[in-house]
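Everything below concerns the one structure shown next.
These numbers come from a predicted model, not from an experiment. Lettering of chains follows the sequences in order, A, B, ..., and the numbering in each one begins at 1.
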2 protein chains.
Amino acid sequence: MNTEETIEELKKIVKQKGLKYTEQREIVLNILLNADEHLSAEDVYNKIKEQFPDTNIGIATVYRALSFLEEVDLITSIAFGTDGKKYESNSKSHHDHLICTNCGKIVEFLDEEIEKRQDRIAKKNKFKITSHSMQLHGLCEECQ
Amino acid sequence: MNTEETIEELKKIVKQKGLKYTEQREIVLNILLNADEHLSAEDVYNKIKEQFPDTNIGIATVYRALSFLEEVDLITSIAFGTDGKKYESNSKSHHDHLICTNCGKIVEFLDEEIEKRQDRIAKKNKFKITSHSMQLHGLCEECQ
DNA sequence: CTCGGTGCAAAACGTTTGCACGCGA
DNA sequence: TCGCGTGCAAACGTTTTGCACCGAG
């Protein structure tokens, strides 16, 4: 799914919910769609000030937009340690994360067999899964 | 590994490092060893005030003890959402978590095949894994 | 016109730190 | 005795909230 498609999706969702379509929500989503790394709320805020210097936006709005976008499932957050939440857009295909505990580097991966087994485990425990995250923590090649 | 054994372990580690053995560290470890759920720093603090009302302990000390115990690998932390870190003792055998997003219930599970695959993935990406956490988020049977 | 969304600043929250004191080795 | 560990309170960074105003529908 590309940027325009996802932004159309946002417009549809907002309309469907009887909410309002605002430039700020679009900008936050846009930043995330075009980021190739995981961004914290403050990262997003800084990028907006950098890329859209004419837009006057508050950090509170960024938080509100991120919560909203996560709620409607256009973006996902992962949290590890005390570093707070980091966000990424859902237009990327599903994957899990390898996280370097020293430099914070994140590597994405996907393993079909693990995905299948996760479903099976959920079913066995009668859980209805909405999302999952798997994080392997350790030291990346450079930090060992 | 039972409570006394683990506390002996702590004594050994402390001595080995030339550090001091204090009642507070023992209490924090003890709480975690006898908890059958995952506890936040504040949970631990409250339990201490409840179970050891004579001991005057500060929340800062709980945090320091938890960090210390995690560092020497007697306890582990998992973080999910904004709820901050939660701790559990390592005397339990390794497992992953199913988390109900509605009631917060946590179910533990273990899948050998997934464990094996995680190691393989780490190796492929040249990561040296220190820990990992896999969390499946969804609704438990009662909350669906 | 309405009322949901915004910006701002203040508050809240969980966690960490500086300091003087106390206690284990 | 020495210096690590502690309790307290203040500081910290991140996130949320109250409020008056703004602007999309």
For residues 15-22 of chain B, dump all side-chain donor-acceptor pairs below 3.5 Å to protein atoms at least two apart in sequence or in another chain.
{"from": "Tyr21(B)", "atom 1": "OH", "to": "Glu26(B)", "atom 2": "OE1", "distance (Å)": "2.6"}
{"from": "Thr22(B)", "atom 1": "OG1", "to": "Arg25(B)", "atom 2": "N", "distance (Å)": "3.4"}

Salt bridge (Lys or Arg N to Asp or Glu O under 4.0 Å) pairs, two or more places apart, involving residues 62-76 of chain A: Glu70(A)-Lys85(A)

Going by side chain to side chain donor-acceptor pair (under 3.5 Å), name the residues that satisfy it together with Asn56(A), two or more places apart in sequence or in a different chain. none

Can you pull the salt bridge (Lys or Arg N to Asp or Glu O under 4.0 Å) pairs that have at least one residue in residues 39-53 of chain A, sequence neighbours excluded? none

Residues two or more places apart in sequence or in another chain: which of them pass salt bridge (charged side-chain N to carboxylate O under 4.0 Å, His left out) with Lys124(B)? none

Between dG4(C) atom P and Ile13(A) atom CD1, what is the distance in whole Å? 19 Å

dG25(D) C1' sits how many Å from Lys12(A) NZ, rounded? 20 Å

Rounded to whole Å, CD of Glu71(A) lies from P of dG5(C) at a distance of 11 Å

Could you work out, with salt bridge (charged side-chain N to carboxylate O under 4.0 Å, His left out) as the rule, every residue matching Glu115(B), not counting sequence neighbours? none

If I take atom NZ in residue Lys11(A) and atom C1' in nucleotide dG25(D), what distance separates them, rounded to the nearest angstrom? 15 Å

Salt bridge (charged side-chain N to carboxylate O under 4.0 Å, His left out) partners of Arg120(A), counting only residues at least two apart: none

Under the side chain to side chain donor-acceptor pair (under 3.5 Å) test, which residues partner Ser89(B), sequence neighbours left out? Ser91(B)

Find the distance Leu39(B):CG to dG14(C):C1' and express it as a whole number of Å. 16 Å

With each end axis built from five pairs of C1' atoms, what bend angle do you get for the helix from dC1(C)-dG25(D) to dA25(C)-dT1(D)? Round to 10°. 30°

Could you tell me whether Glu113(A) and Arg117(A) make a salt bridge, using a distance below 4.0 angstrom between a side-chain N and a carboxylate O? yes

Measure the distance from NZ on Lys15(B) to C1' on dC4(D) and round it to the nearest whole Å. 17 Å

At a heavy-atom distance below 4.0 Å, what parts of residues 41-64 of chain A sit against DNA chain C? Asn56(A), Ile57(A), Gly58(A), Ala60(A), Thr61(A), Arg64(A)

Within residues 17-27 of chain A, which residues have any heavy atom lying less than 4.0 Å from an atom of DNA chain C? Leu19(A), Lys20(A), Thr22(A), Gln24(A), Arg25(A)

Residues forming a side chain to side chain contact (heavy atoms under 4.5 Å, CB included) with Glu4(A), sequence neighbours excluded: Asn2(A)

